[in-house]
Amino acid sequence: MPPPKLLSLAEAVRRYSWDGMQYASGAALPIGSDAVVFGRELLRQKRKNLHAIFHCNSQQLNLLAGAGAATRAECGFTGLEVFGFANGLRRAVESGELVLEDYSNLAMPLRLLGGALNWPFVPATVNIGSDLQDRSAFAPAEFPARSKIATVTDPFTGRQIGAFRPLKPDLAAIHVTLADPLGNSIMLGTEWSRFELSRAAKRVVIVADAIVDQACIRQFPNLVRIPEIVVEAVVYWPFAAWPQSSPGMYDVDEEHMRTMNGALATSEGTREYVRTFVESYRDVDSYLDMIGGERLALLGKTRTAFLLDPYRKWLLPAAEVARRQQDAETR
Amino acid sequence: MPPPKLLSLAEAVRRYSWDGMQYASGAALPIGSDAVVFGRELLRQKRKNLHAIFHCNSQQLNLLAGAGAATRAECGFTGLEVFGFANGLRRAVESGELVLEDYSNLAMPLRLLGGALNWPFVPATVNIGSDLQDRSAFAPAEFPARSKIATVTDPFTGRQIGAFRPLKPDLAAIHVTLADPLGNSIMLGTEWSRFELSRAAKRVVIVADAIVDQACIRQFPNLVRIPEIVVEAVVYWPFAAWPQSSPGMYDVDEEHMRTMNGALATSEGTREYVRTFVESYRDVDSYLDMIGGERLALLGKTRTAFLLDPYRKWLLPAAEVARRQQDAETR
Amino acid sequence: MSPTATSAYTRQEMMAIATGREIHDGELAIFGVGLSMLAGFFAQANHAPNLRAMTEGGVYGSTPVGGLPWGIECNRISTNATSFTSGLDALGCLVGSGRCDVGIIGAAQVDKYGNVNTTGIWDGDIGDAYRAPKTRLTGAGGANDIACGAKRFLIMVAHERKRFVEKVTYISSPGYLEGGNARARYGFAGGGPSAIVTTLGVLRPAPETNEFQLDAWFAFSSIEEILANTGWPLKVSAHAHVVPEPTAAELAHLRKVDETGALRRQ
Amino acid sequence: MSPTATSAYTRQEMMAIATGREIHDGELAIFGVGLSMLAGFFAQANHAPNLRAMTEGGVYGSTPVGGLPWGIECNRISTNATSFTSGLDALGCLVGSGRCDVGIIGAAQVDKYGNVNTTGIWDGDIGDAYRAPKTRLTGAGGANDIACGAKRFLIMVAHERKRFVEKVTYISSPGYLEGGNARARYGFAGGGPSAIVTTLGVLRPAPETNEFQLDAWFAFSSIEEILANTGWPLKVSAHAHVVPEPTAAELAHLRKVDETGALRRQ
């Protein structure tokens with residue numbers, strides 16, 4: 001039986017992140033499951049020049065870009081869905097502080113799959129014939145930008161299609177609903193591209209809203225789409241996706257989605273946001289206090305709560321998780 | 001709400017199969033989940049010249065080949081694991097009655113994925129450099145057989161790799177543990193390549209050991225890897241994989257695995273087997289009688305039974321399934 | 001509110017209903033967030049009960065509850081799903097493959113051949129070398145994949161002159177490219193845009209050229225208003241006609257889906 | 001039974017233990033069905049508690065119960081898994097990718113460069129045109145993918161002259177092909193076979209040529225016996241030595257895994 005991998009968030013960021021790294025997160029959607037709190041910690045530890053790989057923008061990338069920590073990004077979608085444009089990312093792109101390479105929402109998981117399978121390229125039947133193929137922010141002088149999405153000839157028909165570059169990020173911080181202390185992880189709600197990312201990344205840190213006993217994992221092995229063999233560390237952090245949502249756990253915090261995106265529209269607002277919502281807490285408890293008990297209760301009253309019911313009896317109490325985390329860290 | 005898709009096995013085979021079709025099943029493993037009973041019905045309805053797409057051989061392909069119903073096959077593995085060589089398939093191959101095209105166990109799901117994504121080819125970094133690439137039973141005169149696994153040049157490095165032909169079978173009969181009347185399906189145990197097959201096949205018929213109320217599906221949407229939108233029909237048939245196993249439901253019938261494979265070693269034995277174990281039953285009940293209540297009880301006492309516990313309360317009784325099937329068929 | 005005889009409805013509601021009418025029962029359909037989701041689920045509620053609706057999130061079998069979902073993965077649409085898979089499954093296996101019958105996408109800019117820009121607004125042309133836009137938009141998202149793969153797709157867009165341009169600055173999602181059968185060069189699985197449904201009317205591609213022309217106006221709009229709000233010399237179809245107003249039933253179904261009244265805010 | 005000083009054990013048990021000794025703690029390892037699974041789980045039980053074992057079925061975190069599983073997906077190994085995924089995940093993402101440290105495969109025929117045939121036995125060469133084998137075997141299965149992708153792999157095979165041939169009739173799974181760095185032509189992610197462990201001893205590839213030579217014999221075998229049972233002029237390593245016999249602990253651990261005594265049947 002391998003040793004537990006529970007780590008504090010601070011320690012996980014210390015061990016597995018560095019300036020200039022290719023950092024992927026959540027393979028997230030803008031409203032949903034993403035390890036937003038991992039991005040906050042990257043800022044707390046002053047990481048910079050990050051090359052962000054985000055299937056879609058999320059409030060995490062919006063924050064990292066707005067605060068100037070990310071200087072390159074590759075994305076399929078760069079907005080906040082119904083919450084509008086991502087002001088932090090937008091400001092960084094328009095000012096030239098961040099160079100953004102555009103793909104589509106299918107291109108990104110295909111590139112991650114290509115990385116997971118260690119392919120030299122991935123066939124592309126989308127993105128071709130548009131400026132996603134012809135224009136590259138990473139190679140601006142090149143037109144058409146075939147170093148971004150090349151053309152390849154189908155050996156069976158002679159027909160030309162496109163070829164994507166596979167992705168192998170240095171680190172992926174993947175938000176999941178439930179994980180056991182070894183990193184066996186259960187996602188509720190769409191996987192989006194967390195499965196592909198968990199195999200493509202050189203290292204994977206799991207950020208879980210809750211920790212479950214392994215008995216839960218063995219009862220539902222078909223739900224465990226990310227097995228411990230691909231996981232370096234497990235971070236326990238309730239409401240880790242806040243202000244985004246986690247199906248079965250909590251709803252999107254509509255007010256804070258707007259507050260946060262509003263603040264990220266200016267550098268002053270961003271500094272203020274970082275002071276108030278990034279540097280302000282010491283640990284999980286003070287993070288939860290920062291959000292506020294009343295709001296936590298409200299967000300927790302989600303219509304999707306029933307999705308968590310089959311697993312509730314295996315949820316480990318925070319104290320027990322803390323104890324096991326201490327054991328793991330002191331090994 | 002779309003109409004239920006419950007069909008009798010006989011009707012499903014009548015509607016969705018024909019002589020000479022490209023038929024895929026279970027994306028099965030030799031011991032585990034496979035729609036073996038669908039193959040029995042193909043024989044009962046005298047289907048012939050089948051082009052079989054089986055990720056791995058199973059007792060179903062062993063039977064179809066041994067009885068002369070399949071004349072072409074593409075497989076990754078052609079044995080019966082610890083039960084030894086597949087005598088029916090082996091005899092058909094050695095006698096030349098069946099032409100077998102060899103691939104590996106990774107090549108097959110990649111080819112199905114390529115079909116699912118409608119790619120013209122799939123990058124191949126395995127099977128190349130071996131006789132799997134150089135030799136083709138479908139194009140025997142061609143050496144090296146580049147019409148089977150071609151070479152393609154990586155546009156980014158100029159390096160040469162291989163290219164697989166995608167698969168799009170006319171029909172896939174996919175065995176699952178649980179399905180609702182619309183075809184939303186839950187698999188317990190490895191998916192092997194049932195996910196890829198369910199998207200690659202032109203038509204999908206689900207063969208389920210048990211039918212569950214849709215409430216079960218909505219409680220566990222992350223387990224529903226085959227949604228109804230890709231399913232044509234649902235066949236309810238307990239012990240559908242017999243003599244193979246179905247995790248959570250029943251163990252492999254070791255004795256019948258040997259009896260069956262022994263019989264398939266000769267054409268006489270095969271004729272006798274077909275008389276006794278294929279043409280002998282009229283319906284589900286007489287199929288179960290044929291296996292025998294004592295044996296069914298024994299096989300049902302599987303160590304894996306606990307895997308089914310979370311879903312038991314939603315299992316629909318046979319009578320209820322029959323009623324809904326009648327509604328569906330008389331529409 | 002529009003000044004019509006029948007019960008009051010907004011231009012956005014008319015646009016959503018006109019879009020929904022393009023979707024047929026039993027089809028496999030993919031919707032984006034916002035307007036497109038409302039139009040799609042309106043169709044399901046109103047005349048397409050067997051619609052097989054999905055979002056690019058890999059969320060199947062669900063219908064939004066509690067109003068317009070904040071995103072394609074929002075709990076408002078995840079709470080009653082029958083299946084969750086992935087973006088690769090929804091956009092790849094079901095859309096990029098050519099399997100999906102119809103998709104609905106939005107646009108910041110659309111041109112006479114139905115090419116869509118959702119990436120950015122530049123001051124003039126981009127030029128030979130790529131440069132960041134003056135105003136950065138949301139990017140292609142899944143719209144490019146829908147535009148390449150869906151058998152047909154619908155474009156929903158507010159009818160403003162600045163949005164309807166001769167040629168988009170940046171093609172985020174391909175329509176008919178330079179027109180005619182230019183799409184054939186790329187062997188797309190999908191057939192291209194079948195209609196541009198706007199706040200003023202409906203445009204459809206002309207045979208052969210695939211240049212979009214005015215096919216229909218709304219009771220509250222007119223050919224003149226549409227021409228005045230289109231940035232290229234818009235041709236008018238010989239069969240141009242007025243779109244039937246929403247029926248009471250259609251409005252009721254739409255407003256049931258649009259519980260929070262997103263389409264009634266002007 | 002072998003005529004040795006220590007407690008009796010079979011040649012198959014010695015082969016399984018010698019194979020297991022090649023597997024190190026903490027490695028990501030993939031086992032096939034039968035002997036290879038017993039050897040692998042013996043290693044986990046004996047000296048590699050943190051072994052990350054998997055089968056190509058996409059079955060993770062489990063250990064067989066009730067004896068030798070009938071297959072890689074058998075209920076005997078599915079009953080205590082922590083994760084089930086798929087063949088594409090196990091053989092593609094984890095093995096074909098080059099991520100897996102070590103795999104164990106079997107062979108019907110193996111040649112001096114470690115190329116493996118599990119496809120068929122022909123009367124003589126196949127010839128220019130492919131023809132069905134006289135005796136059809138089980139095909140490549142996942143072994144080809146392990147041979148191409150695993151960082152290294154082990155071949156377990158009964159040491160019989162008919163199995164150890166100068167050149168296999170059909171390469172189902174590539175070893176070092178024509179020797180030297182011939183594998184480089186194909187850019188395989190994996191490094192090739194590190195050892196052939198047999199019922200008589202252990203063969204390892206020589207530096208540069210990658211031709212397999214005799215590295216060690218077992219207490220109950222001898223260089224002469226091995227040479228006599230090898231179908232090509234087998235070179236003997238300068239460092240050839242006898243393999244330490246199984247310890248009591250090793251035998252106990254192996255027999256715990258081999259509950260049904262598959263390896264004790266002669």
Side-chain angles (χ1 to χ4, degrees), chain B residues 29-33 55-57 75-79 81-83 85-86 89-90 93-94 96 99-100 102-110 113 125-132 135-137 140-141 143 145 159 161 188-193 195-196 245 247 251-252 254 257 302-304 307, chain D residues 33-34 55-59 65-66 68-76 78-79 81 84-88 91-92 95-96 115 117 119-120 126 128-145 147-149 170-174 177 182-183 185-189 262:
Chain B
L29 281 154
I31 309 309
S33 194
H55 182 167
C56 284
N57 167 71
C75 292
F77 178 75
T78 52
E81 296 189 273
V82 178
F83 292 101
F85 297 110
L89 179 61
R90 183 179 198 170
V93 171
E94 292 173 0
V99 182
L100 173 62
D102 277 292
Y103 290 91
S104 79
N105 279 351
L106 174 55
M108 294 300 284
L110 286 176
L113 180 69
T125 60
V126 297
N127 293 20
I128 55 178
S130 72
D131 283 310
L132 293 183
R135 297 286 191 174
S136 169
F143 184 92
R159 166 188 160 203
I161 61 166
L188 300 182
T190 175
E191 291 177 10
W192 196 225
S193 51
F195 178 88
E196 294 83 5
S245 61
D251 285 330
V252 61
E254 301 172 21
M257 286 294 285
T302 168
R303 267 197 192 77
T304 60
L307 289 174
Chain D
V33 78
T55 78
E56 68 191 75
V59 177
V65 292
L68 179 64
W70 293 104
I72 56 167
E73 79 287 24
C74 179
N75 284 352
R76 285 179 174 179
S78 293
T79 193
F84 292 120
T85 62
S86 67
L88 194 147
L91 285 173
V95 175
N115 301 302
N117 171 19
T119 301
I126 295 174
D128 295 342
Y130 182 77
R131 58 196 174 97
K134 204 167 99 294
T135 306
R136 170 71 201 191
L137 306 175
T138 59
N144 177 279
D145 311 311
C148 293
Y170 182 108
I171 299 181
S172 313
S173 303
L177 301 170
R183 283 176 66 96
R185 277 208 308 279
Y186 301 96
F188 293 126

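Order of the sequence lines fixes the chain letters, A, B, ..., with proteins taken first and strands second; residue numbering starts at 1 for each chain. No experiment lies behind these values; they were computed from the predicted model shown. Quick note: numbers below take in every heavy atom, side chains included, and nothing from hydrogens, waters or symmetry partners.
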Can you confirm whether B:F143 sits close enough to D:Y130 that some side-chain heavy atom of one is under 4.5 Å from a side-chain heavy atom of the other?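 Side-chain contact under 4.5 Å: no.
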Measuring only between side-chain heavy atoms, which start at C-beta, is D:E73 closer than 4.5 Å to B:W192?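 Side-chain contact under 4.5 Å: no.
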Which one wins on heavy-atom pair count under 4.5 Å against chain D: [options]?
options	value
B:L89, B:L132, B:D251, B:L188	B:L132
B:I161, B:L113, B:L100	B:L100
B:A145, B:P140, B:G79	B:P140
B:T125, B:N127, B:V99, B:L110	B:N127
B:S245, B:A137, B:S130	B:S130

In terms of heavy-atom pairs under 4.5 Å with chain B, which of [options] leads?
options	answer
D:L68, D:N75, D:L91, D:V59	D:N75
D:I126, D:T55, D:L177, D:I171	D:I171
D:G139, D:P174, D:G57	D:G57
D:V65, D:V33, D:N117, D:L88	D:L88
D:G141, D:G120, D:A189, D:A129	D:G141

Would you say the side-chain atoms of [X] pair up with the backbone N or O of [Y], donor to acceptor, closer than 3.5 Å?
X	Y	answer
D:R136	B:E94	no
D:T79	B:R303	yes
D:N144	B:S104	no
D:T138	B:T78	no

Verify side chain to side chain contact (heavy atoms under 4.5 Å, CB included) between D:Y170 and B:D102, making sure each step is shown before the conclusion. CA-CA 12 Å; D:Y170 182 108; B:D102 277 292; 4.0 Å; yes
Contact part of [X] toward chain B, heavy-atom cut-off under 4.5 Å: side chain, backbone, both or neither?
X	value
D:R131	neither
D:D145	both
D:Y186	both

Rounded distance (nearest 0.5 Å) linking atom CD of D:E56 with atom CG of B:N105: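 Separation between the atoms: 5.0 Å.
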Under 4.5 Å from a heavy atom of chain D, the part of B:F195 involved: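 Looking at B:F195, nothing touches chain D.
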Residue pair [X] / [Y]: nearest heavy atoms and the distance that separates them:
X	Y	result
D:G71	B:E81	CA-OE2, 3.1 Å
B:V252	D:W70	CG1-CD1, 3.8 Å
B:L307	D:S78	CD1-O, 4.1 Å
B:V82	D:G34	CG2-N, 4.4 Å

